[in-house]
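This report refers to the structure that appears directly beneath it.
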Amino acid sequence: MSSTNFSKCTTFGIIDCNNFYVSCERVFQPALENQPVLVLSNNDGCVISRCNRVKALGIKMGVPYFKIKDLVQKNNIQVFSSNYALYGDMSRKVMHALASLTPKIEIYSIDEAFIDFSNFEPRDLIKLSFEVVEKVKQWTGIPVTLGIGLTKTLAKVANHTAKKLKIPVFDISSQTAQNEWLPQIPIEDIWGIGRGWCKRLHAMNVFTAMDLKNQDAFQLRKISNLVLANTVSELQGKKCYDLEEGVSPRKQIIASRSFGKPLTSLTPLSQALSFHIARAAVKLRRQQSLVKDLMIFLDTSRFKNRTESYRASLTISLPIASNDSRILIGATVAGLQKIFKEGKEYKKIGVMFLEIVSKKHLQLDLFATPSNPKEAKVMELMDSINQSLGRNMVRIAAQGHLPPFIQTNRKSQSYTSCWKELLKVKASFDKMTLGTSRIPSFK
DNA sequence: TCTGGGGTCCTAGGACCC
DNA sequence: TCTGGGGTCCTAGGACCC
């Protein structure tokens with residue numbers, strides 16, 4: 001391929017933070033750098049982030065913590081409850097750095113972003129990629145891996161390969177690289193191939209990324225679905241997914257939590273539900289949207305037997321779409337009473353905003369009274385107070401006191417979101433020699 | 001004793017209409 | 001009482017992602 005042709009090719013990069021939550025904890029506690037570390041989900045339930053040493057011990061993603069406690073003790077693994085405020089802030093820092101170093105990015109998840117690498121000469125591209133990895137680490141402390149390919153799916157494959165090879169950058173754009181590596185990648189490691197498809201593809205003697213690439217996307221479409229056919233096309237280098245810039249508003253917002261200990265009576269359940277509705281409403285207002293239909297749900301433990309288990313949900317349609325926490329909470333109180341059943345041990349409650357509309361396109365009911373603009377001001381004011389003084393500083397009375405239902409025993413400090421918990425750095429200057437490059441020691 | 005939370009997209013099938 | 005064929009829209013649920 002001539003270089004003129006090459007410059008017209010679309011090329012994608014994907015950058016992925018290594019063991020993101022663990023890496024965030026390590027930034028603020030460098031002593032953890034060479035120790036085994038893992039991070040747990042809400043209520044310290046499951047393992048959701050592991051450093052390489054923990055992975056090597058065979059501790060799988062999503063495994064319940066109580067099942068590995070012995071292993072943790074034996075190997076002296078440092079365990080953290082999740083600290084989402086911290087991870088969110090670190091994510092913003094990483095994305096900001098990335099945006100300043102590359103032409104165009106799409107934030108794909110808390111720890112991943114696609115990059116538009118089109119129109120680069122291969123040599124420049126590799127040089128830039130190494131620079132990006134180095135600068136992100138230098139500016140944020142977070143180690144990252146970068147994969148490059150002709151499509152998003154191939155870039156993901158490249159990223160996966162880089163991690164396997166323990167190198168910071170890997171480019172799978174060339175046919176040579178694809179011929180060498182695709183036969184070594186099992187289909188379960190491909191973006192978009194989950195457990196269900198994996199099983200069916202195995203039955204068709206498709207085991208590796210190369211096997212899948214060699215399928216006829218058109219024929220496969222007839223017995224599968226669009227997503228799988230697109231994955232095959234993308235492995236063949238035919239672009240199906242573009243870079244999506246800007247943040248698109250959520251089409252659905254969910255807020256729910258499991259309880260540390262089961263709840264049995266209506267009042268605390270109602271408070272917990274109000275708490276989640278208020279959280280979801282903040283997200284709704286942030287993206288300038290309103291909700292028309294919402295669903296509340298209630299659940300006992302997933303792991304109970306059938307006779308004891310109970311789950312129920314109720315969809316509520318508002319007469320006029322709203323984002324006012326008071327209206328949303330008010331609308332659900334009666335609904336919760338309807339689905340609540342006495343004598344059950346509830347483990348989880350939550351809300352889903354299903355039908356979300358833009359504030360600009362609000363349809364008024366023929367008989368509805370238009371909302372008072374002063375009412376909207378109340379929510380604005382509440383959000384701004386909570387933003388500057390801390391979450392939940394002002395809340396709706398129905399939420400009751402702060403939720404006692406979430407258990408986190410091993411949370412690190414809120415280094416980036418709470419003045420009282422800023423990192424304290426003590427420098428001792430006694431050993432420092434002026435005029436040399438020696439750095440003071442930090443405690 | 002102890003098992004996360006938040007999203008997207010697609011498809012099948014039912015209801016309803018002409 | 002018997003009986004066609006096609007279209008749209010909506011919803012629940014599945015599969016996948018991080």
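The model shown is predicted, which means the values in this text are computed figures rather than measured ones. All chains are named by letter (A, B, ...) in the order of the sequence lines, taking the proteins before the strands, and each is independently numbered beginning at 1.
When rounded to the nearest whole Å, the span between CD of A:Gln252 and C1' of B:dG5 equals 13 Å. Between A:His160 atom NE2 and C:dC17 atom C1' the separation is 15 Å, expressed in whole Å. Following rounding to the nearest Å, A:Lys152 (NZ) and C:dC17 (C1') show an atom-to-atom distance of 13 Å. Rounded to an integer number of Å, the gap from CD1 of A:Ile14 to C1' of C:dC17 is 11 Å. Counting to the nearest Å, the C1' atom of B:dG6 and the CD1 atom of A:Ile356 are 12 Å from each other. Whole-Å rounding puts the A:Lys60 NZ to B:dG4 P distance at 19 Å. When the C1' atom of B:dG4 is taken as reference, atom CG of A:Asp299 falls 13 Å away, rounded to whole Å.
With hydrogens and angles left out, the side-chain atoms of A:Ser173 and A:Asp171 include a donor and acceptor closer than 3.5 Å. A donor-acceptor pair shorter than 3.5 Å cannot be found between the side chains of A:Asn19 and A:Ser49. With hydrogens and angles left out, the side-chain atoms of A:Ser325 and A:Arg285 include a donor and acceptor closer than 3.5 Å. Looking only at atom types and distance, the side chain of A:Gln184 has no donor-acceptor partner in the side chain of A:Lys164 under 3.5 Å away. No donor-acceptor contact under 3.5 angstrom links the side chains of A:Thr145 and A:Asp16, judged on distance only. A:Glu345 and A:Tyr310 share no side-chain donor-acceptor pair at under 3.5 Å.
Although no hydrogens or angles enter the test, the distance criterion places a donor-acceptor pair under 3.5 Å between the side chain of A:Ser91 and the main chain of A:Ile110. Under a 3.5 Å cut-off, the side chain of A:Arg53 and the backbone N or O of A:Asn34 do form a donor-acceptor pair. Of the possible donor and acceptor atoms, none in the side chain of A:Asp211 sits under 3.5 Å from a partner among the backbone N and O of A:Asn214. A:Asn323 places a side-chain N or O within 3.5 Å of a backbone atom of A:Ser289 that can act as its donor or acceptor partner. A donor-acceptor pair under 3.5 Å links the side-chain atoms of A:Ser82 to the main chain of A:Leu40, judged by distance alone. Of the possible polar contacts, one joining the A:Asn225 side chain to the A:Val227 backbone as a donor-acceptor pair under 3.5 Å is found.
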Original post:
According to the Watson-Crick and G-U wobble definition with distances under 3.5 Å, which dot-bracket string, read 5' to 3', encodes DNA chain C, using [ ] for crossing pairs and | for pairs with another strand?
Top reply: ....||||||||||||||
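Between A:Lys239 and A:Asp242, at least one side-chain nitrogen of the basic residue sits less than 4.0 Å from a carboxylate oxygen of the acidic one, meeting the salt-bridge criterion. Between A:Glu234 and A:Lys156, none of the side-chain N atoms (NZ, or NE/NH1/NH2) sits under 4.0 Å from a carboxylate O, so this pair counts as no salt bridge. Taking the charged nitrogens against the carboxylate oxygens, A:Asp116 and A:Lys104 do have a contact shorter than 4.0 Å, which makes a salt bridge.
Classified by interplanar angle (parallel below 30°, tilted 30° to 60°, perpendicular above 60°), the ring pair A:Tyr415/A:Phe28 is parallel.
Taking every heavy atom of residues 183-199 of chain A and every atom of DNA chain C, pairs under 4.0 Å involve A:Ile190, A:Trp191, A:Gly192, A:Ile193, A:Gly194, A:Arg195, A:Gly196, A:Trp197, by number. Residues from residues 94-114 of chain A lying near DNA chain C, meaning a heavy-atom separation below 4.0 Å, are A:Tyr108, A:Ser109, A:Asp111, A:Glu112 in numerical order. If you check residues 215-248 of chain A against DNA chain C, you find no residue with a heavy atom closer than 4.0 Å.
The separation of B:dG4 from C:dC17, taken at their C1' atoms, amounts to 15 Å, rounded to a whole angstrom.
Centroid-to-centroid, the aromatic rings of A:Phe114 and A:Trp191 come within less than 6.0 Å. In summary, the aromatic rings of A:Phe80 and A:Tyr21 are positioned with their centroids too far apart to meet the 6.0 Å limit.
Contact annotation: A:Lys283 side-chain N/O to B:dG5 OP1/OP2 distance is not under 4.0 Å.
At the heavy-atom level, A:Leu40 lies nowhere under 4.0 Å from the strands shown. In this structure, A:Arg279 reaches the sugar-phosphate backbone alone: every heavy-atom distance under 4.0 Å involves primed, P, OP1 or OP2 atoms, never a base.
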**OP:** Scan nucleotides 7-13 of chain C nucleotide by nucleotide, 5' to 3', and note B when protein non-hydrogen atoms come under 4.0 Å of the base, S if they reach only the sugar-phosphate, - if neither.
**Re:** -------
With 3.5 Å as the limit, what N/O pairs link the protein to nucleotides 1-3 of chain B?
unit_1, atom_1, unit_2, atom_2, d
B:dT3, OP1, A:Lys347, NZ, 2.9

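To the nearest 0.5 Å, the span separating OG1 on A:Thr332 from CD1 on A:Ile296 amounts to 5.5 Å.
Between A:Tyr84 and A:Ile253, the residue anchored nearer the 5' end of DNA chain B, judged by the nucleotide with its closest heavy atom, is A:Tyr84.
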